[in-house]
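First up is the structure itself, then whatever we jot down about it.
Just so you know, these numbers use all the heavy atoms, side chains as well, and skip hydrogens, waters and symmetry mates. First listed ligand is number 1; within each ligand, the first listed atom is number 1.
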Amino acid sequence: MSELELTFVGTGNAFAPDGLCWNGFVANGRYLFEAPPSALMALHRAGIDPNALDGVIISHHHGDHFLGLPSLILHWKYNGRERPVTIVGPPGTVQLARSIGEAVYPGLFEGRFEIQWVEAAPGECIQLGQLEIEPVEVAHDTRLSLNLGYACRLDGRRFAYTGDTSLCDGVLDLARTNEVLVSECASRDNYIPIHMNLVDDIPHVRAAMARDATLILTHLTPDVDDYGLERTIVARDLKSYRF
Ligand SMILES: [Zn+2]
């Protein structure tokens, strides 16, 4: 069985508490999940060449998940990228990325490489090179176009990512069917309506998973721990985990 490696470019929630980088991770060095504002800095610090990325997969349009895109594209434009890159996100991603990117860096999209945009909808199957992803609708900010989690297959391994969400059927479906689940856990015991917390929600997520599956918590406050749950890891900034 081939190895699955997840490297966290950040593990903090929207407030970057205590200096945690905003949440995002890279699968097998090639696929970046989320484009937080600190993504480019964190990729460099983690020793991942941004030009080695084949794709960026965004769950929803909140700034801590999306606003790092202009810096990534700027890097690619001026640091030798020639290979195409695929950017996946909810409906409206192309228009939003283009309007913000062009406003903050005029000419940003005049690079030598092609951006292949994919606006994802639940029930589709999207192929990015070796990565196959299936978007799942989750329950987060209904004022945004759509909030997505993703079920993924990469090099024969199955993992999933919840995106930002409260506890919902989409999360439990991802929990039941994957060997590794990267789950948001936005606080320890504070009730935040559009998020999950460690004490009230995460035990239900863990209980839905197979016993030999691994749960990784991210989008954190620093007081989140494993709460004694089996096969549960609290992700750390710039750390890699192999399965
Ligand atoms: Zn959010």
Side-chain angles (χ1 to χ4, degrees), residues 6 8-27 31-40 42 56-72 87-97 99-101 118-122 133 135-152 160-175 181-202 204-205 215-224 234-235 237:
L6 304 181
F8 284 79
V9 295
T11 61
N13 68 19
F15 304 101
D18 280 12
L20 293 178
C21 294
W22 287 289
N23 162 63
F25 64 94
V26 179
Y31 302 99
L32 172 63
F33 285 76
E34 310 291 21
S38 49
L40 181 60
V56 181
I57 301 97
I58 293 166
S59 67
H60 66 296
H61 291 152
H62 276 160
D64 54 317
H65 298 253
F66 189 77
L67 290 177
L69 262 187
S71 301
L72 280 171
I87 300 176
V88 180
T93 293
V94 183
Q95 194 272 332
L96 188 61
S99 60
I100 294 172
V118 178
E119 295 194 336
I133 61 173
V136 173
E137 184 169 6
V138 294
H140 190 47
D141 189 338
T142 56
R143 298 165 297 183
L144 298 174
S145 70
L146 197 58
N147 303 279
L148 296 172
Y150 292 100
C152 308
Y161 172 50
T162 64
D164 281 10
T165 180
S166 52
L167 187 61
C168 65
D169 289 344
V171 170
L172 294 174
D173 286 346
L174 293 174
L181 176 66
V182 180
S183 175
E184 80 121 285
C185 177
S187 62
R188 185 176 179 84
D189 54 10
N190 289 346
Y191 170 67
I192 308 174
I194 56 174
H195 289 281
M196 293 190 284
N197 77 31
L198 178 69
V199 171
D200 299 313
D201 302 306
I202 297 302
H204 298 290
V205 176
L215 175 61
I216 309 181
L217 304 178
T218 186
H219 202 277
L220 310 164
T221 48
D223 57 352
V224 168
V234 180
D237 285 8

Can you name the N/O/S atom of Asp164 that is nearest the Zn ion (ligand 1)? OD2

Nearest to the Zn ion (ligand 1), which N, O or S atom of His62 do we find? ND1

Could you tell me how the ring of His140 sits relative to the ring of His60: parallel (under 30°), tilted (30 to 60°) or perpendicular (over 60°)? perpendicular

2.8 Å cut-off met by an N, O or S atom of His60 to the Zn ion (ligand 1): yes

Of the backbone and side-chain N, O or S atoms of His65, does one lie nearer to the Zn ion (ligand 1) than 2.8 Å? no

Would one find more than 12 heavy atoms of other residues, nucleotides or ligands at under 6.0 Å from atom CG of Asp169? no

On the 0 to 90° scale, with breaks at 30° and 60°, tag the Phe25-Tyr161 ring pair as parallel, tilted or perpendicular. perpendicular

Name the one of Val88, Leu146, Leu148, Ile57 that satisfies side-chain contact (heavy atoms from CB on, under 4.5 Å) with Pro135? Leu148

